[in-house]
Amino acid sequence: VRLIRAAFRTQVTEGEGQERIETAFDGLRQLASLEAQLDGLRQTREKRDGDRSAVEHSIGQVFRHKQFGYRGVVVGWDAQCDRPAEWLAANKIAQSRGEQPFYHVIPDQPDCVRLFGEPRESKYVAQDNMEPIVDPEERAIQHEHLMAYFTRYSPVLGSFMPCEELAFIYPDDYPVVEEEETNAQLV
């Protein structure tokens, strides 16, 4: 970028076209930033492209935590626990349980206030602590960041539909919905 800028500056006298050049370089900087974000997404996706045969839950699926009882929705997963041994010990999770899939979830905030005394932004949950919710009345999740992860809720599928970023990272991990689905609700 510096070489390009120097070349342009030799072609343009001070003040003449300088503003257009600065605007163009701002655009190049934004493009470089977007490219870095895309590379990060690609790396995350490559991490997820491995064997998912043990992964039982999908992006957008609503569940109830078996031990604590709060509801939540899946926003990501790791084939095995991606936390250090100290985290497992601090959370009283046996090392062997860390070998199962773990899920990044956003919990229902009213459930967390009721159970823990305050809302929680996110949770990291072992697969054996998750129980899918089948009753449509219990699938309503309230969380301030829900719309950052999902575009809508599909009553037909009983699942939240991921935003573009989640759909890119987990391309084969959510049900495909036909555009004609008439019962879809915006989140």
With side chains defined as the heavy atoms from C-beta onward, is the minimum distance between Val74 and Met130 less than 4.5 Å?
yes

Taking side-chain contact (heavy atoms from CB on, under 4.5 Å) as the test, write out the residues that go with Pro136, two or more places apart.
Arg139

Walk me through it: do Asp82 and Tyr124 pass the test side chain to side chain contact (heavy atoms under 4.5 Å, CB included)?
CA-CA 10 Å; Asp82 197 23; Tyr124 194 54; 3.3 Å; yes

Is it possible for you to say whether Tyr170 and Phe102 belong to one hydrophobic cluster, with membership spreading through side-chain heavy-atom contacts below 4.5 Å?
no

For the side chain of Gln127 and the backbone of Ala54, is there at least one donor-acceptor N/O pair under 3.5 Å apart?
yes

His65: what forms a side-chain hydrogen bond (donor to acceptor under 3.5 Å, both in side chains) with it, not counting sequence neighbours?
none

Taken in chain and number order and not counting sequence neighbours, the residues that satisfy side-chain contact (heavy atoms from CB on, under 4.5 Å) with Glu144 are Gln109, Glu121

Applying salt bridge (charged side-chain N to carboxylate O under 4.0 Å, His left out) to Glu56 and not counting sequence neighbours gives none

At what distance, to the nearest 0.5 angstrom, does CD1 of Ile59 lie from NE2 of His104?
9.0 Å

Distance check, rounded to the nearest 0.5 Å: Leu157 atom CG versus Gln61 atom CD?
11.5 Å

Can you find a side-chain donor-acceptor pair between Asp78 and Tyr103 that sits under 3.5 Å?
no

Can you list the steps and then say if Leu146 with Ile106 is a side chain to side chain contact (heavy atoms under 4.5 Å, CB included)?
CA-CA 8 Å; Leu146 194 62; Ile106 52 174; 3.6 Å; yes

With rounding to the nearest 0.5 Å, note down the distance linking CZ in Phe63 to NE2 in His57.
8.0 Å

Kindly compute the distance separating OG (Ser159) from CZ (Arg152), expressed to the nearest 0.5 Å.
10.5 Å

Side chain to side chain contact (heavy atoms under 4.5 Å, CB included) between Phe160 and Ile141, worked out
CA-CA 10 Å; Phe160 286 91; Ile141 300 294; 4.2 Å; yes

Would you tabulate the side-chain donor-acceptor contacts of residues 86-97 under 3.5 Å, counting partners in other chains and residues two or more places apart, or write 'none'?
| from | atom 1 | to | atom 2 | distance (Å) |
| --- | --- | --- | --- | --- |
| Asn91 | ND2 | Trp87 | O | 2.9 |
| Arg97 | NE | Asp128 | OD2 | 3.0 |
| Arg97 | NH2 | Asp128 | OD1 | 2.7 |

Contacts of type side-chain contact (heavy atoms from CB on, under 4.5 Å), residue Gln80, not counting sequence neighbours:
Glu99

State the CZ-CG distance between Arg114 and Asp108, to the nearest 0.5 angstrom.
8.5 Å

Would you mind listing the cluster partners of Val134? Hydrophobic ones only (ILVMFWY), side-chain contacts under 4.5 Å, chaining allowed.
none

Start with the C-alpha distance between Met147 and Tyr149, add both sets of side-chain angles, then the distance that settles side chain to side chain contact (heavy atoms under 4.5 Å, CB included), and finish with yes or no.
CA-CA 5 Å; Met147 290 179 63; Tyr149 294 99; over 6 Å; no

Note: Gln142 and Pro110 closest approach over all heavy atoms is OE1-CG, 3.4 Å

Spacing of Arg64 atom CZ and Ile133 atom CD1 [to the nearest 0.5 Å]:
4.5 Å

Side chains of Cys163 and Leu166, heavy atoms from C-beta outward: is any pair under 4.5 Å?
yes

With sequence neighbours left out, what residues match Phe116 under side-chain contact (heavy atoms from CB on, under 4.5 Å)?
Phe68, Tyr70, Cys112, Arg120

